[in-house]
Amino acid sequence: MAWEPNRLEQQRLDKLDRLIEAGIDPFPTTVERTHTTAEAIAAFAAVEGNDDADPINVTVCGRLVSSRDMGKTVFAHIEDGFGRIQLFVRRADIGEESHLILRKLIDLGDFIQATGSLMRTRTGEISIHVSAWKLLAKAVTPLPQAKEQEIDGEIVRYSAFADIEERYRQRYADLAVNRDVRDVFITRAKLLQSLRRYFDAHGFLEVETPVLQPIYGGAAARPFTTYHNQLKQDLYLRISFELYLKRLLVGGIERVYEIGRDFRNEGVSFKHNPEFTQLEFYAAYWNYEDVMNFVENMIRTTARDVLGTMKFTYGDNTIDIGQPWPRITMRDAIKQFAEIDYMEHTDADSLRAALRAEGIDAPDKAAWGQLVDAVFSSHVEPRLIQPTIVYDYPRDISPLAKRKPGDGFHVERFEYFIAGMEMGNSFTELNDPIDQQARFELMQELYASDADEAHPIDDDYLRAMRYGMPPNGGFGTGIDRLAMLFTNQQSIRDVLLFPHLRDRDM
RNA sequence: GCCGUCGUAGCUCAGCCGGAAGAGCAGCGGUCUUUUAAACCGCAGGGUGAAGGUUCGAUUCCUUCCGACGGCACCA
């Protein structure tokens with residue numbers, strides 16, 4: 001769709017013409033900058049009060065975010081990636097023509113460069129007493145308005161760019177005017193840095209495995225499909241990294257992790273986006289208890305790194321990840337919250353009847369483990385606000401986990417929950433190729449009725465395992481959900497720069 | 001896919017039981033000692049997400065469609 005300038009844009013296009021007529025390049029190629037806004041303020045604060053100090057001259061760059069035209073004097077703020085600083089611009093200092101151009105042809109949103117000496121105004125704000133300025137880039141479209149003021153460290157908003165849909169569709173504008181949105185993504189980046197440091201410190205090798213896969217696996221999800229033209233090959237966007245990472249254990253890499261994108265062709269919700277960032281790791285010679293300890297420590301370490309605390313607010317709750325995380329079996333958790341002991345009903349029909357007797361929804365064509373999972377999801381998961389580890393899952397919904405010794409129903413698997421959300425999934429990994437093959441075949445039967453849910457058997461993965469796979473513990477966690485937790489955002493879209501939305505005309 | 005709520009100016013919103021589309025901020029023109037949500041005076045700006053329907057008359061009621069949000073379903 002072709003762009004038609006609106007009234008405000010047309011005004012700015014006219015100003016652009018007038019700037020060019022005045023011999024000013026509205027998009028120059030060279031920029032000078034001696035200080036960021038933060039550096040300038042710090043430099044002034046460091047010598048203030050010292051009467052012998054020479055005036056500090058600085059050149060800063062940034063976007064014009066406020067302007068108060070007093071006639072002979074203009075007060076304005078520019079913002080760069082590090083903060084804001086006020087410009088104090090007097091006609092007498094910069095000359096009549098330059099002053100007039102600033103007042104008449106420069107708009108909020110324009111990028112400018114300003115040179116001058118640092119001072120403190122009568123009202124006490126550290127400012128630049130401007131001796132010269134230059135346009136760096138003209139903004140044709142006005143930014144959505146976000147009037148705000150910092151009072152005692154709190155951002156007070158007088159008007160805002162708040163329309164959720166427009167904020168997501170025009171994230172550039174959202175970021176430009178909403179500082180707290182930028183902060184969310186800074187925190188998210190710190191989270192990733194901290195996790196990588198943690199894995200590096202524990203001897204893990206970071207790897208990258210294929211996103212385009214001939215056979216998808218490692219999770220129960222519908223894939224996106226694509227096609228390689230020259231190879232004439234159907235390909236799938238990965239739904240997990242699991243089977244590739246475990247191949248690497250066969251290859252002798254003892255500790256391995258990957259942080260990357262998974263794709264699942266499923267519904268979207270406040271905690272689901274079609275593409276999302278996953279962290280998986282595998283460690284040889286560990287079992288799920290080793291993983292529990294490692295993960296608990298990992299989350300604490302990153303919280304300390306990123307937030308400086310292990311106690312933080314999420315929605316209406318205060319989450320304390322510093323206390324030892326309770327560990328409870330799936331069976332006990334369901335007993336506690338749904339008052340059903342599923343081990344008294346060890347086949348699907350009997351469990352279904354028992355659940356229905358308690359008034360709990362139980363789908364007709366669900367296998368035993370799926371029924372257990374269903375009651376857990378509806379009755380237990382939402383109640384797990386503080387960090388909780390739930391372990392020993394039904395075997396028939398965990399085809400990649402090793403069975404619990406002496407227990408025909410459970411595998412060594414755990415998930416951990418915070419704020420009522422599943423945050424991560426782990427097991428003592430199945431490394432018996434004969435058992436693995438049987439489990440794959442069982443899963444095929446389980447889902448045989450539903451073509452969409454059919455899972456292909458990855459024969460190459462089985463071949464790898466037949467070469468011998470060390471016993472190992474594995475883990476996967478959604479980075480987006482961790483980011484939600486650490487930034488107190490209630491929707492996954494708010495921790496994704498460009499969340500998926502339907503197409504729409506601009 | 002289903003159910004519900006919502007969509008009015010650049011931004012944030014108001015608009016009652018159908019009766020001539022409003023405000024603040026932003027913008028434009030002015031005034032103006034170091035102001036800070038600057039202030040003050042004046043001006044302009046939309047035809048109400050789209051398409052239909054009912055009506056003398058629709059932003060208000062109805063239908064369909066588009067999009068967002070919430071919930072459900074889906075999500076080893």
Side-chain angles (χ1 to χ4, degrees), chain A residues 5-12 14-15 65-77 84 86-90 92 104 107-109 119-125 127 129 141-151 156-170 173 177 217-222 239-240 242 262 264-274 276 361 363 366-367 369-370 372-374 377-378 393-401 411 413 415 422 425 427 439-440 442-444 446-447 450 452-453 455 490-491 493 499 501-506:
Chain A
N6 65 28
R7 190 179 84 254
L8 298 176
E9 289 168 330
Q10 191 54 56
Q11 282 173 2
R12 290 182 176 218
D14 293 342
K15 291 178 183 181
V65 293
S66 75
S67 176
R68 293 168 296 286
D69 182 355
M70 312 292 293
K72 287 177 189 161
T73 307
V74 174
F75 293 90
H77 280 89
R84 291 180 179 199
Q86 179 167 256
L87 306 181
F88 169 56
V89 193
R90 286 196 305 196
K104 298 299 174 192
D107 293 297
L108 297 183
M119 58 171 284
R120 199 180 275 277
T121 62
R122 193 176 290 166
T123 52
E125 180 164 348
S127 306
H129 188 162
T141 302
L143 284 166
Q145 198 182 1
K147 262 201 179 184
E148 60 184 35
Q149 192 187 23
E150 204 168 305
I151 297 174
V156 179
R157 287 241 159 71
Y158 300 99
S159 77
F161 178 42
D163 184 281
I164 287 179
E165 181 176 356
E166 291 309 320
R167 285 184 42 227
Y168 294 157
R169 287 193 194 276
Q170 302 189 55
V177 301
R222 288 181 216 185
I239 57 173
S240 87
E242 172 141 5
D262 273 344
R264 296 186 182 177
N265 206 341
E266 287 158 0
V268 299
S269 79
F270 74 94
K271 53 181 179 178
H272 297 272
N273 194 64
F276 61 100
D361 270 352
Q370 290 174 315
V372 171
D373 192 48
S377 297
S378 62
Y393 276 58
R395 184 156 65 101
D396 57 346
I397 56 168
S398 313
L400 298 162
V411 292
R413 171 181 177 183
E415 296 188 332
E422 178 203 328
N425 184 19
F427 8 97
R439 300 274 202 100
F440 278 161
L442 188 72
M443 290 309 288
Q444 286 219 308
L446 193 58
Y447 288 96
D450 188 347
D452 285 334
E453 292 295 314
H455 272 66
Q490 313 305 308
S491 168
R493 298 178 200 103
L501 297 176
R502 278 190 170 88
D503 268 350
R504 194 193 68 179
D505 286 344
M506 287 170 69

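Chain A is the first sequence line, chain B the second, and so forth, proteins listed ahead of strands; every chain is numbered from 1.
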For atom CZ of A/F270 and atom C1' of B/rC74, their distance in whole Å: 15 Å
Sugar-phosphate only, base, or nothing, as touched by A/Y168 at under 4.0 Å among non-hydrogen atoms: sugar-phosphate
Under-3.5 Å donor-acceptor pair between A/Q11 side chain and B/rG27 base: no
Syn/anti state of B/rG46 by chi, 90° boundary around 0: anti
Spacing of A/R222 atom CZ relative to B/rA76 atom C1', expressed in whole Å: 14 Å
Short side-chain to backbone donor-acceptor contact, A/D396 and A/G369, under 3.5 Å: yes
Sugar-phosphate only, base, or nothing, as touched by A/P142 at under 4.0 Å among non-hydrogen atoms: nothing
Touch class at under 4.0 angstrom, heavy-atom based, for A/L501 against every strand present: sugar-phosphate
Distance in Å, A/F88 CZ paired with A/E125 CD, rounded so as to fall on 0.5 Å steps: 12.5 Å
Rounded distance in Å - NZ (A/K271) to P (B/rC69): 17 Å
Side chain to side chain, A/R90 and A/H129, heavy atoms closer than 4.5 Å: yes
Given B/rU12, B/rA76, B/rA26, the nucleotide with the shortest approach to the side chain of A/L108: B/rA26
Validation row: A/Q86, A/R68 side chains within 4.5 angstrom (heavy atoms): yes
Side chain to side chain, A/D69 and A/V74, heavy atoms closer than 4.5 Å: yes
Nucleotide-resolved protein contact map, nucleotides 38-48 of chain B, B/S/- at heavy-atom distance under 4.0 Å: B------S---
Sugar-phosphate only, base, or nothing, as touched by A/Q86 at under 4.0 Å among non-hydrogen atoms: base
Residue A/K72, side-chain atoms from C-beta onward, closest of B/rU33, B/rC25, B/rC75: B/rU33
No-hydrogen, no-angle side-chain donor-acceptor test under 3.5 Å, A/N425 and A/R413: yes
Nearest listed nucleotide, side chain of A/R413, among B/rA76, B/rG10, B/rG71: B/rA76
A/R264 side chain to A/I239 backbone, donor-acceptor under 3.5 Å: yes
Sugar-phosphate, base or nothing in reach of A/R395, heavy atoms under 4.0 Å: nothing
Any A/P142 side-chain heavy atom under 4.5 Å of A/L108 side chain: no
Touch class at under 4.0 angstrom, heavy-atom based, for A/G218 against every strand present: base
Donor-acceptor contact below 3.5 Å, side chain A/R439 vs main chain A/A401: yes
A/R169 side chain near B/rA68 phosphate (N/O to OP1/OP2, under 4.0 Å): yes
Touch class at under 4.0 angstrom, heavy-atom based, for A/F161 against every strand present: sugar-phosphate
Length of the line joining A/R167:CZ and B/rC11:C1', which is rounded to integer Å: 14 Å
Strand RNA chain B as a dot-bracket string - pairs counted if Watson-Crick or G-U with both distances under 3.5 Å, | where the partner lies in another strand: (((((((..((((.....[..)))).(((((.......))))).....(((((..]....))))))))))))....
Options B/rG10, B/rA76, B/rU34, nucleotide nearest the side-chain atoms of A/T121: B/rU34
Toward the 5' end of RNA chain B, by each residue's nearest nucleotide, A/F440 or A/R120: A/R120
Donor-acceptor pair under 3.5 Å, A/T73 side chain vs B/rU35 base: no
N-glycosidic conformation, B/rC17 - syn within 90 degrees of 0, else anti: syn
Between P of B/rC28 and NZ of A/K104, the distance in whole Å: 8 Å
For A/V411 against A/S398, the heavy-atom pair lying closest together: CG2-CB, 3.5 Å
From NZ (A/K271) to CZ (A/R493), nearest 0.5 Å: 13.0 Å
Sugar-phosphate only, base, or nothing, as touched by A/S398 at under 4.0 Å among non-hydrogen atoms: nothing
Euclidean distance for P, B/rG1 against B/rG47 (whole angstrom): 32 Å
Sugar-phosphate, base or nothing in reach of A/A219, heavy atoms under 4.0 Å: base
Nucleotide nearest A/A220 (side chain, heavy atoms from C-beta), chosen from B/rG10, B/rU34, B/rA76: B/rA76
Nearest-angstrom distance from the residue atom CD of A/E166 to P of B/rA68: 11 Å
Separation of B/rA37 P from A/F75 CZ (nearest whole Å): 13 Å
Sugar-phosphate, base or nothing in reach of A/K15, heavy atoms under 4.0 Å: sugar-phosphate
Given B/rA26, B/rU12, B/rA68, the nucleotide with the shortest approach to the side chain of A/E165: B/rA68
A/D503 CG - B/rC66 P separation (whole Å): 13 Å
Min side-chain heavy-atom separation A/L400-A/F440 under 4.5 Å: yes
Which residue lies more 5' along RNA chain B, comparing A/F88 with A/Q170 via nearest heavy atoms: A/Q170
